[in-house]
**Q** 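One structure is given below, represented as structure tokens, and several questions about it will come after.
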Amino acid sequence: MSTLYEVYAIKYAHHERRASENFIGGDPHDGPMPLDYFVWLVRGAGREVVVDTGFSAAMARKRGRDHLRCPAEALRLLQCDPSSVKDVVITHLHYDHVGNFDLFPAATLHLQDVEMHYATGRHMGEERHRFAYEVEEVVGMVRRVYEKRVHFHNGDEEIAPGISLHLIGGHTMGMQAVRVATRRGWLVLASDASHFYANMEQGRPFPIVFSVPDMVAGYERLRVLAASPAHIIPGHDPLVMQRYPAPSKALEGVVVRLD
Ligand SMILES: [Zn+2]
């Protein structure tokens, strides 16, 4: 590991829900178990990679989520200018991960082949597979392909020294995680390969799922990729904001530093 990166989680939205909605088969100890929504910034060696682009205030209204701040604007709190970012990883094409991608006009978007196949193929005829996708965003991504602004990946690939993408599947057909070399070892941004710590720690999948076997296998995959279980960052767990420190007093409750 020669190049080491800083990694930040930026919280941009919130949604109250119950534990029974977060596990297949519900939860016997049902109680409040809210979701936080994040985008992530990887920075080092003169490089900035944004992981996911979140959703807009308008989409939050449509979907009934609490929008706290524009994810692209929030990057400016870390002196990252969204209009000049060159690389954006889209972990998958669900509305809460790919909205706002037009706010990154200079970026190449990194996406798995099978995620585009899934989002534009036969399974979108089913409401249960389609409902977390927004057709205009998927169409927008197709337009981006025609502008030669999408870099497709097939499986596991390094996009820079110490930053690699890993096809996990499970939650969607082309869900990918991001592994980053940091000063504390290999860190894995799981995104929705595990929404909460509890999903992977207890082997209890989140109910929005394309393939349950792939999702469960994905938990093991995350553990193999990361330096330790404590190096895996789930995609929506409010505990992330508690377990990691803010980079400054001013950013408390908004940004935490993961490395
Ligand atoms: Zn999500």
Side-chain angles (χ1 to χ4, degrees), residues 8-19 21-24 33-41 50-72 74 88-101 109-112 114-116 118-119 123-124 127-138 141 165-178 188-200 204-212 214-215 218-219 222 232-241 256 258:
Y8 300 91
I10 300 166
K11 173 178 164 178
Y12 74 89
H14 184 78
H15 182 51
E16 290 299 332
R17 57 198 270 153
R18 301 191 65 79
E21 299 173 81
N22 294 330
F23 302 99
I24 289 176
M33 192 173 180
L35 285 135
D36 278 349
Y37 294 81
F38 299 97
V39 296
W40 299 271
L41 173 65
V50 171
V51 178
D52 288 341
T53 53
F55 54 71
S56 66
M59 186 59 67
R61 279 191 296 278
K62 177 179 173 185
R63 296 262 180 177
R65 269 56 176 162
D66 302 322
H67 201 253
L68 305 173
R69 55 193 61 85
C70 170
V88 172
V89 175
I90 301 294
T91 62
H92 59 305
L93 291 169
H94 279 168
Y95 80 97
D96 54 323
H97 297 263
V98 73
N100 299 320
F101 69 85
L109 306 175
H110 296 268
L111 187 68
Q112 288 286 332
V114 284
E115 182 64 10
M116 185 61 103
Y118 183 50
H123 296 297
M124 294 301 111
E127 171 65 15
R128 55 177 297 171
H129 297 308
R130 170 176 74 221
F131 81 98
Y133 290 92
E134 284 287 333
V135 65
E136 289 309 322
E137 292 173 353
V138 175
M141 188 61 63
L165 309 179
H166 300 273
L167 175 61
I168 303 281
H171 175 57
T172 68
M173 196 184 277
M175 167 75 232
Q176 61 183 346
V178 184
V188 175
L189 297 172
S191 183
D192 292 0
S194 192
H195 289 65
F196 295 93
Y197 284 105
N199 295 121
M200 59 181 170
R204 298 163 67 207
F206 194 79
I208 299 174
V209 57
F210 168 68
S211 160
V212 172
D214 286 353
M215 197 171 215
Y219 300 145
L222 295 172
I232 304 170
I233 312 298
H236 289 278
D237 200 326
L239 284 174
V240 171
M241 296 301 291
V256 288
L258 303 172

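Just so you know, these numbers use all the heavy atoms, side chains as well, and skip hydrogens, waters and symmetry mates. For ligands, and for the atoms within them, numbers begin at 1 and follow the listed sequence.
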**Q** Report the distance from atom CZ of R18 to atom CE of M33, rounding to the nearest 0.5 Å.
**A** 12.0 Å
**Q** Would you call the rings of Y37 and H236 parallel, tilted or perpendicular, where under 30° means parallel and over 60° means perpendicular?
**A** perpendicular
**Q** When you check the space around the Zn ion (ligand 1), which protein N, O or S atoms turn up under 2.8 Å?
**A**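 Correct list: D96 OD2, H97 NE2, D192 OD2, H236 NE2.
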**Q** Which distance, rounded to the nearest 0.5 Å, do you find between the OG of S56 and the CZ of R61?
**A**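 Answer rounded to 0.5 Å: 7.5 Å.
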**Q** Got a sec, which residues hit salt bridge (Lys or Arg N to Asp or Glu O under 4.0 Å) with D36, two or more places apart in sequence or on another chain?
**A** K11
**Q** Under 6.0 Å between ring centres, would you say that holds for F210 and H171?
**A** no
**Q** Measure the acute angle between the ring planes of H92 and H97, then classify it against the limits of 30° and 60° as parallel, tilted or perpendicular.
**A** tilted
